[in-house]
Each structure stands twice: as C-alpha cells, then as structure tokens.
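First the structure, in the form of structure tokens, and then the observations on it.
Side chains included, hydrogens not; waters and symmetry mates left out as well; all remaining heavy atoms used.
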Amino acid sequence: MLRIQNSISASISLGLRQLFSIEANDISLQETKKEFEGTFTCVVFPYTKQAGMAPPMIAQKLGEFVQANNEHVDQFQVVQGFLNLSLKEGTWVSILAECLADSNAFQLAPKNEKVLIEYSSPNTNKPLHLGHLRNNFLGYSVAQIMEAAGYEVIKSNLVNDRGIHICKSMLAYQLFGSGETPETSGMKGDHLVGKYYVAFDKAYKEEIETLKKAGKTEDQAKAEAPILFQAQAMLLAWEQQDPEVIALWERMNSWVLAGFEKSYTQMGVDFDKIYRESNTYLLGKKIVDEGLAQGVFFQKPDGSVWINLEAEGLDEKLVLRKDGTSVYITQDMGTAQLKYADFGADKSIYVVGNEQDYHFEVLFHILKKLNKPYSTGNFHLSYGMVDLPSGKMKSREGTVVDADDLMAEMIQTAKERTMELGKIDGFSVAESNELFNQLGMGALKYFLLKVDPKKRMLFNPVESIDFQGNTGPFIQYTHARIKSIVRKAAELNISNEWTEDQSITLATAEQELVYLIAQYKLKIEEAASQLAPSVIAQYVYDLAKQFNKFYTELSIINEEDKTKQKIRLSLVEMTGKTIRQAALLLGVIVPERM
RNA sequence: GGCUCCGUAGUUCAAUGGAUAGAAUGUAGGUUUCCGGUACCUAAGAUGAAGGUUCGAUUCCUUCCGGGGCUACCA
C-alpha cells in the first residue's frame, strides 16, 4: 500500500516538474472522502500561483499525466482543486496478496533504539484508583506499540515507597492500628494501609479544628498540628535508619506491594525493572551535593538547597529541605541517573498525569544544567485526569473509584451479558471465567484508551459498562464472529489459497477492508510517534466496523464462485489476525468465542 | 493574580490548514427463511463569542466569556 502511495506521489511530483516546472517532493496524498469516487486525493490549490492556472485546470492536466505515467492509476476525477485518483481494479488483489505474504505483517523493522518507559509509579500509602488505571493501561499499551514499531523497550515502575505521605499512614497505624494485619482484618494489604492514611487525615483535621478554636488561623493550624510534627519526626527517624521505624515501614510496605501485585496481575500489566524511591533518594542527595559544588544549586541560610530557573522562565525550586531530607525531585534526579547506568536508553518516557507538567519541566531543566548525559531524550507523557460525572475524584469526599472494585464490577457485568447473549456452550467454569475476565477488562481498557491521552476524559460508570457501539466488546465480538466463520470453513474444507490474477476485481466493501488492513503498519508508526494508543483504538474500531459491513453485504462460505470464496476467506482470516494484533497493543485480548 | 491546558450534535469522543465537520450513544424508523442481531441500514442533530492571517480556519494569531491544572520545605 505504502509502495503504491509512494509511487503515485512520485508520479505527481514528476508531473508538477514536467508540466509546470514546480519542485515539490513531499506530495501528501490523502484519503478520498467517501462521497467522491477515488482512493487517493491530491490537493492542488497550493500550486495555483506557480502554475499560473486555475486549480481545476491544474488538476485536470496533472490527472492526465498521472493516468498515463503511473501503472496503478486507472481513472481520475477533478472536483475544483481536488484531484481524485482511482486505482486499477487488479491493484486491490495485489495489495491483499502482498499483505497475506508479509511474514512481518505486524512487526516493523528494528529501529536500533532503546526506550525506557516508566509508568504506574504508585505511592505505597493507599490503594490504586481509576486514575492509576488510565496510567497503567496507557504505559503498558505505549510499550507494546513502541515494541511493534521496532524499538527495544524496557518497562519500569518507580515505587514511591518513602516520604512524608508514607509516614502519615505509618503513624496512624502506630496510633490507632491495634496491630491488625491483612490476615486478621481480611483486607487486601493496600486497602488496609489506605485505611490508615485516611485515619491520619481525619485526626489531622480534628487537630486543626481544635487549634482554630484556640484562636489560630487556618494556615497556622495546618502547620502546627502536633500529629504533623510527629509525621515529620518519623520521616527524619526513617532517614536516620531508626530500627523501629524501619521495621514498621518494611512491614506495611510489604502489605501494600503484595496488594499491588494482585492488582497488576488483574490489569495484565508487568514491568522489567522496579525502582524504589527508598533506593534512589540517597543518590539524589549525592547529585544535590555535586550540583552544589558545581554552582548549579545554591544553599539558603536555613540550610535548604535550591535551584534558580528564572532564566528558563521558571521559578526557584527547592531540591533539599532545611532538615536535609529529600523531596520528590531529589529522588527523581537519583532515579534518572540509576536508569541511565542500568540501561543507557536513547529515550526515556515518563507516564505521569498532567498535574505534574511543571515538575517535569523543572526536572528536565535541572538535568540539562547538571550537564548529565541523560539530559536528552526525556519525554513526559502527560495525560489528562479522569473525571466523574459528579466532578473530580476526591478522596476526602469519598468519590474515589477504587481500581480493584471497578475491575470486579466490569467483569461481573461481562458475566451477566454473556449469560444472556453469549454462545459458550461447552465452556468449562475456568474457560467461562477467563472469558468474563477478557470481556470486562477489554471493555475497561478500550474505554480508557480510546481517548487521546493528552485530554482529560469523563468516566461515566453507566456508559462504561455498555458493550454496544464503540467499545471493546464490539471489537471482541467481531473477532469471535470471524473465528466462527473460519472454523466453519475448516469443517467444510474450504481452501484459502488462490493465485493472484490482475483480472480479479474486488467489491467496494472488500476494497475498503483491504485498504484498512494494508494501513496497519502506518498506524503503528503514527501511534508510536504520538505515543497515543487512541490511534490504534480508533483504527481497530474502524476495521471491525468495516468488517461487519463487508459481512452483511457479501457471502463468504455461501459464495458460489470458488475463487471469490477463497479470496474472501483469506481476507476474513487476515482481518481476524489484524484485529487480534491491534487489540493486543491495547492490552485487550480478543476471544475465539463469546 | 501569574503560568498553562481545554471549550465540536442532548451526551461521550474524532478530524497532518482542505471538499457537504466524522463516529458512538440517545431519539424515530427499517434489515432479502443470512456464514453469530453485542450486528447492519436510514433520518434529524454541533465547531463558546467577536475580530484577524489565508485561495481555504475546528485547526494558526488577538481579545472576551466559560472550565480544568500548576503556582507546597506533598507526591
């Protein structure tokens, strides 16, 4: 397909030179709109001035030239300044044959570049929520897409397992926990720890109220609450390796991480390398010392360390607290260095929400100022937050959608729908459960990935469990249908082998399907360069939709013309494979039956 | 306030500066005894406002209106 497109572009380029002496090497062909005849369209408006001719005239002459000089072009139509080109009938069969013969139909050639993708990056003080789901699905999908695009990919996860916020849940547990454990409470570890993070917040607020009644202002009260001092003291004790604090920390972290492990398994995501902030913050502090020696950072009288980025249009930014403990960005400097030492990747992608745009701008500037070899190739894949119909998720208002709960609900809905409509006779209990899992997770993943990552999106719980229209299950259903046809064809010993012949013509519905299949690699490239799984989601939806249209218009098994029957069967099989591969890039598994 | 992102059918999402702005959902109607109807077909329905650049603007620029985020010695 690309070959043909390039050939036509070249012909147009040649025509422009010979007819009008115009040098234009990058001719962009676009798809012809549905309501017009043709496959590719060339817009000739840009050449009006240089050619000294009205656009329709240019298009006419160019059309005649291309028709005479390009082997793939049959007819052309001129509509104002648009030149619509139709391919020769036989070309469509050639394109299909080419796709079928391509042993690397779903994998682009190696780019010899290494990409490190950091995603998930949870805090070990509370369970995962809806926002984390978008993050995890995005990160995993981008990794799959980059791999298909020919990059060497390393998936990493930076666990934020230390810091003042972690101390808050530890402290609350110490104060109110009465020694309960995931075992004694029957709670998943991350949920149990989350309970104490909430408990801290509650106690903190109560103290603030008390202080305000004693005449303090809001700000004073917030800064002077005793429980906050306790948390700060605990952080200091932690950084000084106080054995008791460390023991509590290790205990509670292990609970959380075991809980996350279960969630990750359910999500179907994984990592090649897990970094822990507790192992990188010291390196970060070392880098602060280096930067201080280099004069990149400066120290204020109270001992805190800062960087001045006013020349870069930013602000002063703290990199080390006055008590010497590290902050978020300190640790990020250390992690960046560690990653470079471990992998030396050419590109480093951080999948983190857009509320941290400023943070990453600062981080990347700091790395540049420190003259680090890994100061280039950094990219913040900044995604929008997920809103609920009721507005923003707020933990203190109890409107947070828990990741584990949501996944369980989706699977339950899939089960109900399948019991009602599915064709799963003969499935074992295990097979049924696996199917419900694939459908529920497919629906959720597709729902969160079909939107452009950069944009904030609305999560409507009612619509998300809808399995009709532009949804994961629609795509899964289409695939199951395809496999059903393929199975039946095998039973009837229908062959999918045919030999190419330029006299074979394809119906419009077939041509359009072939066109989409032939576009697969272009879409991978596009999705990889934009780091946007939504490109793939849109594509696989279009493909499934086009297949359904083809399916209602044309017979496959019942086709009497044996050549047509074989071609259609091979086309159906190829469509099925393409849908499966594209869906996998989103982390969505398409079933054989449902 | 400063910085920044975003305003597209009732709703949720599309559209490298190109043709009559695409889907889905919802609404109204329909699908040949057909290989799986979670499907297919038809209809009505939208670019926040005003300027500007351009042969051509949802897209680029300016102002206004509306919304989000950042503006922590939290992460």
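- For A:Y551 and B:rA39, the ring-to-base geometry does not satisfy the stacking test (centroid distance below 5.5 Å, interplanar angle below 30°).
- Ring centroid separation for the pair A:F474 and A:Y477 does not come in under the 6.0 Å cut-off.
- For A:F459 and A:F447, the distance between ring centers is under 6.0 angstrom.
- Within 4.0 Å (heavy atoms only), A:S382 reaches no atom of the nucleic acid at all.
- No donor-acceptor contact under 3.5 Å links the side chain of A:D332 to the base of B:rA75.
- Nucleic acid contact for A:P46: base, since at least one base atom lies under 4.0 Å from a heavy atom of the residue.
- In this pair, A:W249 and A:W238 present their aromatic rings perpendicular. The plane angle is above 60°, beyond the 30 to 60° band.
- The partner of B:rC40, taking Watson-Crick or G-U wobble pairs whose two distances both stay under 3.5 Å, is B:rG30.
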Notebook entry, point to check: With the sugar-phosphate defined as primed atoms, P, OP1 and OP2, and the base as all remaining atoms, what B/S/- string results for nucleotides 65-70 of chain B, 5' to 3', for protein heavy atoms under 4.0 Å?
Noted result: ---SSS
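- If you check every strand for non-hydrogen atoms under 4.0 Å, A:K455 touches sugar and phosphate atoms only.
- As judged by a 4.0 angstrom heavy-atom cut-off over every strand, A:D357 is placed among residues making no nucleic acid contact.
- Taking 3.5 Å as the limit, the base of B:rA39 and the side chain of A:T478 contain no donor-acceptor pair of atoms between them.
- Using a 4.0 Å cut-off between a side-chain N of Lys or Arg and a carboxylate O of Asp or Glu, A:E526 and A:K523 qualify as a salt bridge.
- Taking every side-chain heavy atom of A:R481 into account, B:rA39 is the closest of B:rC73, B:rC13, B:rA39.
- Of the listed nucleotides (B:rC35, B:rG7, B:rU16), B:rC35 has the atom at the smallest distance from the side chain of A:S555.
- The aromatic ring of A:F82 sits over the base of B:rA19, with ring centres less than 5.5 Å apart and planes inclined by under 30°.
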Next item on the list: Treat primed atoms plus P, OP1 and OP2 as sugar-phosphate and everything else as base, then score nucleotides 23-28 of chain B 5' to 3': B for base contact with protein heavy atoms under 4.0 Å, S for sugar-phosphate contact only, - for none.
Entry: SSS---
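- Considering only heavy atoms from C-beta on, A:Q50 stays 4.5 Å or farther from A:F20 through its side chain.
- Under the stacking definition used here (centres under 5.5 Å, planes under 30°), the residue A:Y477 fails to qualify as stacked on the base of B:rG36.
- The aromatic ring centroids of A:F379 and A:F360 lie 6.0 Å or more from each other.
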Item checked: CA sep, side-chain torsions, deciding dist, call: A:R162, A:S326, side-chain hydrogen bond (donor to acceptor under 3.5 Å, both in side chains) -> CA-CA 10 Å; A:R162 46 134 272 135; A:S326 72; 3.1 Å; yes
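- For B:rG22, the paired nucleotide is B:rC13, the pair qualifying as Watson-Crick or G-U wobble because both relevant distances are below 3.5 Å.
- Listed nucleotides: B:rC74, B:rU38, B:rG18. Nearest to the side chain of A:V43: B:rG18.
- Candidate nucleotides B:rG36, B:rA19, B:rC73 were compared by shortest atom distance to the side chain of A:F36, and B:rA19 ranks first.
- Base pairing of B:rC73: no nucleotide in any strand meets the Watson-Crick or G-U wobble criterion (both distances under 3.5 Å).
- The interatomic distance linking A:L236 (CG) with B:rC73 (C1') rounds to 13 Å, in whole Å.
- Looking at heavy-atom distances under 4.0 Å, A:I329 makes no contact with the nucleic acid at all.
- For A:Y328, whose side chain is taken as the heavy atoms from C-beta onward, the closest listed nucleotide among B:rG36, B:rA75, B:rC13 is B:rA75.
- Figure legend. B:rU62 is base-paired to B:rA50; pairs are counted as Watson-Crick or G-U wobble with both atom distances under 3.5 Å.
- In this model, the phosphate group of B:rA19 is approached by a side-chain N or O of A:K33 to a distance below 4.0 Å at OP1 or OP2.
- The side chain of A:K549 contributes an N or O atom lying less than 4.0 Å from OP1 or OP2 of B:rC41.
- Salt bridge status for A:R321 with A:E239: absent, with no side-chain N to carboxylate O gap under 4.0 Å.
- Here A:I556 lies in heavy-atom contact (under 4.0 Å) with a base.
- For the pair A:S484 and B:rG36, the criterion of a side-chain N or O lying under 4.0 Å from OP1 or OP2 is met.
- Ring pair A:F364/A:Y350: centre-to-centre distance below 6.0 Å.
- In this entry B:rA57 has no Watson-Crick or G-U wobble partner, no candidate having both defining distances under 3.5 Å.
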